[in-house]
Protein chains: 2
Amino acid sequence: MATIKDIAQAAGVSLATVSRVINDGPKVGAKTRERVKTIMKELGYRPNANARALVTQRSASLGVVIAELHDPFFATLAHGVETVTRKQNVQILLSAGSIARETELKAIETLLEHRVEAMVVHSKTLDDDTLIAFANQIPGFVLINRYIPAIANRCVWLDNVTGGRLMAEYAIRQGHEHLALISSHYQIDDPAQRLEGIRLATSNAGLTLPDSMIEYATPDQEGGELAMQNLLATGTHFTALLAYNDAMAAGAMAVMQDHGIDVPEQVSIIGYDDVLLAKYCRPKLTTLRYPIEMMAAKAAELALKYASGTAPEEGLTFKYTPTIVKRDSVARL
Amino acid sequence: MATIKDIAQAAGVSLATVSRVINDGPKVGAKTRERVKTIMKELGYRPNANARALVTQRSASLGVVIAELHDPFFATLAHGVETVTRKQNVQILLSAGSIARETELKAIETLLEHRVEAMVVHSKTLDDDTLIAFANQIPGFVLINRYIPAIANRCVWLDNVTGGRLMAEYAIRQGHEHLALISSHYQIDDPAQRLEGIRLATSNAGLTLPDSMIEYATPDQEGGELAMQNLLATGTHFTALLAYNDAMAAGAMAVMQDHGIDVPEQVSIIGYDDVLLAKYCRPKLTTLRYPIEMMAAKAAELALKYASGTAPEEGLTFKYTPTIVKRDSVARL
DNA sequence: AATGCGACTGAAAACGTATACCCTGATTTT
DNA sequence: AAAATCAGGGTATACGTTTTCAGTCGCATT
């Protein structure tokens, strides 16, 4: 591949001049500029981003760490980031952490080796101190979907306690008194926070949510199916099912329908996230809107801003609150 | 961030020695190696991938060009690539081309500037010659979801003609004689090839698929809804609906159900792709399995292999054939 | 005619790493 | 005991850019 030196030689100018042409530098004559430009076209010249990053100490690139790409939630997250990087001509480096400590750590470190300027990280397995250390080391380090007080201005997160409260309150307002919950068995904050919110709502209403009405499984469709089967097997009675996310809700719904249980006539279901499938499944899923695309875009903007030298304002935080989306999977009792 | 020079200084050795330690090079004593390693840990040293890429002329990175991340199909594609890059410690650089000529071109060029070793490209808008030129310039350039004879050994693609034929044949075998089609309005090969396959099947069976039974729209849920509404508005009669993909199928199904048309009792539906939602929607969608994750993994392996110097074998090609997945959206007449 | 100035261009150093080549001292071979 | 080998380690160059610092030239100003 042609280098700046080849261009310089062919155009009969120095390296410096070619470099100035490339970067629209100031001090180069009009005809020289044109000549160099045509030669660049002819030779199909492409600046070497690595060399450039090395000398300028900046890379116009942003690293993204997510769990798994084929999860629609993370795909949407990545898409949100992409909308802003595209506008700013920033390249995305993507790494999957697959909810495993070692892998997440490795993902971040690899990104670090590539000297990305900014970083949007979704980490559930790394502990606060590790993340705080990264944040202190990398100006453009932003966490999404997690809140750590010590680096509040680097966190873009969702209020899961309120989210849990909202879904339970809605069910209760619709007349439901017997709730069940299928949740994620991952040892991370989200399920616990949502449960906290749910318990807040139930106790406010004078209800209880006994542990026997809670099933844990992987937060995907299969987990939803499994959890639902377990719940059915115990023979417990409930009229409203709260799910950790839409995928679990859909899985549970499928199992119920296979068992001849009408949704929502016999059992109402509420999901969480509002991913695409919430609109596709039948009945359409009543769920909590998780504005992840917007949040991801915000995180990317923030990361890029911090990376470019803007000091993060102290005390600032980026909390989002979910809202309920009413569709057809909840019946009024 | 600490450099190799800092390490060398702190350890009282030369740059070369440190470099040898990093790369598990041969000529360094056991105790020196240990000393250097501990110092690297202490200083939190991370090799600079840019500098390394510059001097070695290789980058251990793979570029991916897709249309839009939030499309589940592309998310799955990216995930397929990711499974193999992770195994081989290769970093993914991701760019979205959004089915626009300029953007796709720019995506590839940016990746080129980053000197990615390999590239898995999904391009529908770039012409053959442009892609052939890239393929000739970049050893690790592989196309996915497209077939260009001149660079057959760089193409991992699906036989869409057979796919179209299979879906139509299945409908016909189930006793359907009146077919309708909702397809993508993008001016790319796929819809045309699938239509060709469908027409093959209908004429073999002595049937016809008049243009009045075909509606075009964007290949997503909304497009499916729109196309279905148009089809209903014309008042044409059909008992089986073939869709360009699962999203359109789901959109169409939703519209039918909203109009009180029973699926599959009154109208059968066949999708294409077999993405997640095919299992979620009710009735579960009978569809064509597009093994995109497997294909993407294959493409990534291929790209990495070619990039590492293995010459592509002439005449080799990587054609995949879709298979029908029978679920609940087709009734026997 | 000397001076200054502005516009343009070039030479060279730097970024962080890998590696070919050279050097030293010790061990083995004859 | 001299020569040959070898393990261990250092020196210096190159990779492709950007950028600082010096020029050089022509022209207008005194």
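The chains referred to below are lettered A, B, ... by the order of the sequence lines, with proteins before strands, and numbering in each begins at 1.
- Between A:Thr32 and C:dT9 there is a side-chain polar atom (N or O) within less than 4.0 angstrom of OP1 or OP2.
- When the side-chain nitrogen and oxygen atoms of B:Arg52 are compared with OP1 and OP2 of C:dA18, one or more of them lie within a distance under 4.0 Å.
- Look at CG on B:Asn48: it is 16 Å from P on D:dT17, rounded to the nearest Å.
- Set against C:dG10, D:dG9, C:dA18, the side chain of B:Val28 has D:dG9 as its closest nucleotide.
- When distances are taken from the side chain of B:Val13 to each of D:dG10, C:dA18, D:dG16, the shortest belongs to D:dG10.
- When rounded to the nearest whole Å, the span between CE of B:Met40 and C1' of C:dG16 equals 15 Å.
- Taking the nucleotide of DNA chain D with the nearest heavy atom to each of A:Met1 and B:Arg33, the more 5' of the two is matched to B:Arg33.
- Side chain of B:Arg146 to main chain of B:Cys155: no donor-acceptor pair is present (N/O by atom type, distance under 3.5 Å, no hydrogens or angles).
- The CZ-P distance, from B:Arg20 to D:dG9, rounds to 9 Å in whole Å.
- At whole-Å resolution of the value, CG in A:Asp24 and P in D:dT19 are 13 Å apart.
- Side chain of B:Asn48 to backbone of B:Asn50: a donor-acceptor contact under 3.5 angstrom is found.
- Residue A:Ala51 places its side chain closer to D:dG16 than to any other of D:dT18, C:dG10, D:dG16.
- In summary, the side chains of A:Glu293 and A:His79 do present a donor paired with an acceptor at a separation below 3.5 Å, with no hydrogens or angles considered.
- For the pair A:Thr3 and D:dC15, the criterion of a side-chain N or O lying under 4.0 Å from OP1 or OP2 is not met.
- Regarding contacts with the backbone of D:dG16, a side-chain N or O of B:Gln57 is found under 4.0 angstrom from either OP1 or OP2.
- Between B:Glu113 atom CD and D:dC15 atom P the separation is 20 Å, expressed in whole Å.
- In this structure, B:Asn50 atom CG and D:dT17 atom C1' are separated by 12 Å, rounded to whole Å.
- Each of B:Leu316, B:Thr310, B:Val156 was compared with B:Leu302 under the side chain to side chain contact (heavy atoms under 4.5 Å, CB included) criterion, and only B:Val156 meets it.
- Considering only side-chain atoms of B:Ser19, the nucleotide from C:dG10, D:dG10, C:dT19 that sits closest is C:dT19.
- Taking only side-chain atoms of B:Arg115, from C-beta outward, the nucleotide of D:dT18, D:dT17, D:dT20 with the closest atom is D:dT17.
- A:Lys319 NZ to A:Met295 CE: the interatomic distance, rounded to the nearest 0.5 Å, is 11.5 Å.
- Taking the screw axis at each terminus of the helix from C:dA1-D:dT30 to C:dT30-D:dA1 from five consecutive base pairs, the angle between the two is 60° to within rounding of 10 degrees.
- If you find the closest nucleotide of DNA chain D to B:Thr17 and to B:Leu54, the one lying nearer the 5' end belongs to B:Thr17.
- Rounding to whole angstrom units, CG of residue A:Asn23 and C1' of D:dT19 are separated by 10 Å.
- Judged purely by atom type and a 3.5 angstrom limit, B:Glu113 has no side-chain atom pairing as donor or acceptor with the backbone of A:Arg46.
- Between A:Phe141 and A:Tyr306, the distance from one ring center to the other does not fall under 6.0 angstrom.
- A:Ile22 has its CD1 atom 12 Å from the P atom of D:dT19, to the nearest Å.
- Out of C:dA18, C:dT19, C:dG10, the shortest distance to the side chain of B:Val55 is found at C:dA18.
- In terms of position along DNA chain C, the nucleotide closest to A:Gly12 lies nearer the 5' end than the nucleotide closest to the other residue of the pair A:Gly12 and B:Leu15.
- Between B:Arg20 and the choices B:Ile22, B:Thr17, B:Val18, the side chain to side chain contact (heavy atoms under 4.5 Å, CB included) rule is met once, by B:Thr17.
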